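Taking it in order: structure first as structure tokens, then the write-up.
Sequence lines set the chain letters: A, B, ... in the order given, protein chains first and strands last, and positions in each chain run from 1. Note that the structure is a prediction, hence the values are computed from the model and not measured.
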Amino acid sequence: MTALYNHHEVENKWQTIWDEEKAFRTSDDHSKPKYYALVEFPYPSGQGLHVGHPRPYTALDIVARKRRMQGYNVLYPMGWDAFGLPTENYAIKNHIHPRIVTKNNVERFRNQLHALGYSFDWEREVNTTDPEYYKWTQWIFLKLFKAGLAYKSEMPINWCTSCKVGLANEEVVNGVCERCGSPVVRRVKSQWMLKITEYADKLIQGLDTVDYIERVKVSQRNWIGKSQGAEVDFAITGKEDKLRIYTTRPDTLFGVTYMVVSPEHPMIEKYKDEISNYSQLAEYREQAARKSDFERTELAKDKTGVQIQGLTATNPVNGSEIPIWVSDYVLMTYGTGAIMAVPAHDERDWDFAKKFHLPIIEVVAGSPVSVQEQVYTDVATGTLVHSGFLDGLSVEEAKKKITEYLEEKGIGHSKTNFKLRDWVFSRQRYWGEPIPIVHCPKCGYVPIDESELPLMLPEVESYEPTDNGESPLAAMEEWVNTTCPCCKGPAKRETDTMPQWAGSSWYFLRYTDPHNKEALASREALEYWLPVDWYNGGMEHTTLHLLYSRFWHRFLYDQGYVPCPEPYQKRTSHGMILGSNGEKMSKSRGNVVNPDDIVRDYGADTLRTYEMFIGAFDLSASWSEDGVKGCRRFLERVWKLQDILTQEEGYSKDLETRMHQTIKKVSSDYENLKYNTAIAAMMSLLNDFYKKNGVTRGEYKTLLTLLNPVAPHITEELWQTAGFEGRLYQTSWPEYDEEKTQESTVEIGVQVNGKMRAAVVVQKDEEKEQVLQAARQALGDKLSGTVVKEIYVPGRLVNFVVK
RNA sequence: GCGGAUAUGGCGGAAUUGGUAGACGCGAUAGAUUUAGGUUCUAUUGUCGCAGACGUGCAGGUUCGAGUCCUGUUAUCCGCACCA
């Protein structure tokens, strides 16, 4: 009898050997074909690894290990996205420097990942808080600044009342802070901004050239939110000034019955003296400003507004005089901050018109119900009416014609708008990359010289953000006061730091050449390794990290620093691992599973196998301790194959087809995110060995190799025990013969009128007549009546249609 | 409201181009081993039943044949949310 399977011994042994042999070091030999597999590097939180982490990491570890066995030079790296608020908050609370907190957390994460046996090349580990790393984050910022894509702007930002920090739109969820859940209010601050909007079109177009799962592409497109329309100038009656609006429905111009401007629209201030109810408007504006985003959203259904008394506008196409209203359903931050209202054909305008008893004029006919009763927004079938020269046209045609008309008359033009806003890039926090800019009273914002990078984060006494919203760095007078790189006069450093998204926007570039002192990576390394062949990460990063990093990468491409426009060739996404009650794991729900416990009690190989077997990779799945046990049992049965191992080489006659089929299935399943069925196929094969009560050395060898990417330790141990040559991780991936995957006999289903009635076993290439004959025989007297049709699907079934 | 996804046994989940629904695992039942429990092994396990019928959220349709295609509908989850 063989020894029992002791996962502690086996896993420790092989992890040590792999380290000593530098088994998974990425080669600098660029003559081999390359494969770059990437998973999102974690934020090293104080809680340690979550059972959610191993799911994507194991999936791509499988791909990486398989690719190595297939002869590729594989880059499968890991690092730390270590700047960020939780670390800083922990540091404040416990009076420990965030650098120390980060170091401890990283060590814990590294040990945990190491214990799972991942084939990361640890010599390429990166850390966003390392000055040697953030030097290049700052360098990219300077390039953005010099290209005019970084600018400072006074603007209302989302202000988290608890974190005391400005947030990007993407970080505000349902009006509350994504991190701490506190209410977010609007506050005007001077902020560094990145002009991601300038790349909106390129970011949409780039999606057509990459292989991302469809839902990722869809959410990116929706987030960027491109819309085609027109800007039109309405005269303010009796004034020189025009009121410019944006619309996607210029065809409905004849149906305008009023206009609406946002509460912050500058025309209100400009015509202050002529507006008889100015104080009422001012009060309305103040109310709107006080509303948090959350309230704005909550109250969305009930429209509010005030009419501007003393000013009216003139419709440029028919000269009719129309009132102007102020309402917060019009946003200053989109389009021109003013709209033309066509209540008959826009839902919001319709609601507003009904509430304030404004006229509704139908200009697109086709609604079964009067537009007085119900809004009509269908653009596919309607026909223009009451619209002068547009009458009788379809919406599509009318849009085209009216736009031409507007351009001809000089009162409007076609215009593309995006929902995407510029990226708020500064944080009033300590634990982030310092922004390498100096503010000089004479020269304005001046970049520091690249030779001075990295601009080190100085040591401070307190990391607390100040109540007036300034970064803790602002209190560091020695650091803040500097000389202007331009005029050498006295100047002050920027005290805001970069958001956490900065470091993660280019980390995949650094992995290709992580120790380079002269450049973010060498040209040669970038050309060899890019683009990333397969990038897997969470759906929650689709509109943040994924979009930001594509933006930076595209910018670096335009500047000539990287060789390809898109950073990631393929993007997939994994489902979440939920608690055993089907809810999201959280401390408050008490359903958290600690991966350390699973590794201790069942072993890393069991955890890896279980997380791959748990269900379809892209769907969420609930944790089940019984499921873990099942996978452990499977590995123990693999272990015990030693007891029935024969001396025979090659495959036994009766399992040859099964072997070739399994190699084929497992190989393709690993490539297609179907890890669960790959494991099921290996379980089936294992059952066959036990049924036969014997496994040849050839069969054993193949099973161990196929299973190795999922359960690397146990398979490597069994490989050695069986006396196979060399290391399993250096072995070639098994080949299969397509012809040998075909069974020589097949079972054919026999149906009568589509109902399954019998089955017959025939030779694979049996003649049709013979098969039908056999089928009739099998049916016997179950086949009665007149056969009007015989359907024969070779290798599948026979169906007799009987009357 | 808009966009995306999902719906199959007691449970997690399998099912090339429409072609034998329920692979694989869990759980359960019975038996063997054991003083017993656990482990392990063997057998059974969609439902109802005597041969037979019914079964992939629901209602229709196309087809010799539908989990798969079409039309409508319901529920759940995720994302976005006054973007003119």
Side-chain angles (χ1 to χ4, degrees), chain A residues 173-175 213-219 221-223 225-227 229 245-249 252 260 262 293 296-303 327-331 333-342 345-349 351-352 417-421 539-540 542-543 575-576 578 580 582 609-610 613-616 618-631 633-634 636-637 640 668 674 676-687 690 746-760 788-802:
Chain A
V173 176
N174 287 333
I213 51 171
E214 198 52 32
R215 57 191 173 132
V216 168
K217 285 192 182 185
V218 168
S219 358
R221 281 198 197 98
N222 289 347
W223 190 264
K226 184 174 183 168
S227 82
I245 60 93
Y246 174 71
T247 179
T248 53
R249 294 292 305 275
T252 61
V260 189
S262 90
D293 273 1
R296 271 201 183 200
T297 308
E298 279 295 284
L299 300 171
K301 276 151 211 134
D302 193 23
K303 301 243 179 324
S327 174
D328 63 1
Y329 85 85
V330 173
L331 308 174
T333 44
Y334 184 78
T336 61
I339 62 155
M340 64 179 212
V342 186
H345 307 294
D346 181 281
E347 218 165 305
R348 294 149 302 177
D349 298 346
D351 290 344
F352 193 83
N417 266 336
F418 296 93
K419 285 189 204 174
L420 186 70
R421 317 274 172 83
M539 271 315 278
E540 70 275 19
T542 303
T543 48
M576 230 191 308
L578 306 171
S580 53
T609 306
Y610 173 64
F613 189 61
I614 191 167
D618 57 339
L619 298 178
S620 57
S622 304
W623 187 265
S624 152
E625 183 99 10
D626 281 334
V628 177
K629 285 180 188 156
C631 289
R633 209 172 290 161
F634 165 60
E636 279 178 6
R637 277 162 64 83
K640 279 188 270 186
S668 72
K674 299 182 75 170
N676 52 340
T677 51
I679 292 169
M682 291 185 281
M683 287 173 167
S684 275
L685 185 62
L686 181 73
N687 291 341
Y690 278 105
V746 283
E747 199 187 45
I748 297 225
V750 183
Q751 297 182 334
V752 177
N753 288 341
K755 301 262 186 202
M756 203 52 63
R757 284 291 177 266
V760 288
V788 293
K789 202 170 173 185
E790 292 167 341
I791 290 159
Y792 173 54
V793 184
R796 290 279 180 189
L797 55 70
V798 175
N799 186 14
F800 295 105
V801 183
V802 174

Is the phosphate of [N] approached by [X] (side-chain N or O, under 4.0 Å from OP1 or OP2)?
X      : N     : answer
A/R221 : B/G79 : no
A/Y334 : B/A84 : yes
A/R796 : B/G18 : no

Rounded to whole angstrom, note down the [atom1] distance from [N] over to [M].
N     : M     : atom1 : value
B/G3  : B/U71 : P     : 15 Å
B/A59 : B/A66 : P     : 15 Å
B/G60 : B/C24 : C1'   : 35 Å
B/U76 : B/U42 : C1'   : 41 Å
B/G31 : B/G37 : P     : 12 Å
B/U39 : B/A28 : P     : 10 Å
B/G12 : B/U6  : C1'   : 15 Å

statement: With sugar-phosphate taken as primed atoms, P, OP1 and OP2 and all else as base, the protein-contact string of nucleotides 5-14 of chain B at under 4.0 Å (heavy atoms; B, S, -) is -------BSS
Closest listed nucleotide, where the reference is the side chain of [X] and the choices are [options]:
X      : options             : answer
A/V330 : B/C24, B/U16, B/A84 : B/A84
A/N222 : B/U20, B/G3, B/A84  : B/G3
A/R633 : B/A84, B/C64, B/G27 : B/G27
A/M683 : B/G19, B/G25, B/U20 : B/G25
A/L331 : B/A84, B/U20, B/C64 : B/A84
A/N799 : B/G65, B/A84, B/G27 : B/G65

- prompt: Between A/N753 and A/V801, does a side-chain contact (heavy atoms from CB on, under 4.5 Å) hold up when you go through it step by step?
  reply: CA-CA 5 Å; A/N753 288 341; A/V801 183; 3.8 Å; yes
- prompt: Got a sec, which residues hit side chain to side chain contact (heavy atoms under 4.5 Å, CB included) with A/M756, two or more places apart in sequence or on another chain?
  reply: A/Q751
field: Contacts of A/E790 that satisfy salt bridge (Lys or Arg N to Asp or Glu O under 4.0 Å) - sequence neighbours left out
entry: A/R776
field: Sequence-distant partners of A/R249, salt bridge (Lys or Arg N to Asp or Glu O under 4.0 Å), two or more places apart
entry: A/D251
Spacing of CD1 belonging to A/I245 relative to OG1 belonging to A/T336, to within rounding of 0.5 Å: 6.5 Å
message: Does A/E625, at its CD atom, have more than 12 non-hydrogen atoms belonging to other residues, nucleotides or ligands within less than 6.0 Å?
response: yes
May I have the distance from [X] (atom [atom1]) to [N] (atom [atom2]), rounded to whole angstrom?
X      : N     : atom1 : atom2 : answer
A/R637 : B/U40 : CZ    : C1'   : 10 Å
A/I245 : B/A84 : CD1   : C1'   : 8 Å
A/K419 : B/A84 : NZ    : C1'   : 11 Å
A/K789 : B/G65 : NZ    : P     : 9 Å
A/E347 : B/G1  : CD    : C1'   : 7 Å
A/Q751 : B/C64 : CD    : P     : 13 Å
A/L420 : B/C80 : CG    : P     : 14 Å
A/D618 : B/C77 : CG    : C1'   : 14 Å

- prompt: Just by distance, do the side chain of A/N417 and the backbone of A/S227 share a donor-acceptor pair under 3.5 Å?
  reply: no
message: When you measure from the side chain of A/Y690 to the backbone of A/R637, do you find a donor-acceptor pair of N or O atoms at a distance under 3.5 Å?
response: yes
statement: Those stems involving RNA chain B that have three or more consecutive Watson-Crick or G-U pairs, both distances under 3.5 Å, are B:1-7 with B:74-80, B:10-12 with B:24-26, B:27-32 with B:40-45, B:46-48 with B:52-54, B:57-61 with B:69-73
Is it the case that [N] (base atoms only) and [X] (side chain only) share a donor and an acceptor within less than 3.5 Å, ignoring hydrogens and angles?
X      : N     : value
A/E636 : B/U40 : no
A/K629 : B/C26 : no
A/D626 : B/C26 : no

- prompt: Given that A/A680 and A/Y246 both sit by RNA chain B, which one's nearest nucleotide is further toward the 5' end?
  reply: A/A680
- prompt: Want to settle it: does A/T336 or A/M756 sit nearer the 5' end of RNA chain B, counting the closest nucleotide to each?
  reply: A/M756
Are any non-hydrogen side-chain atoms of [X] and [Y] less than 4.5 angstrom apart?
X      : Y      : value
A/D349 : A/I339 : yes
A/F800 : A/R757 : no
A/W223 : A/T542 : no

message: Ring-plane angle category for A/W623 and A/Y610, please: parallel below 30°, perpendicular beyond 60°, tilted otherwise.
response: perpendicular
task: Based on the glycosidic angle (syn within 90° of 0, else anti), state the conformation of B/G9.
output: syn
Atom pairs, N/O to N/O, protein against nucleotides 67-70 of chain B, distance under 3.5 Å?
none

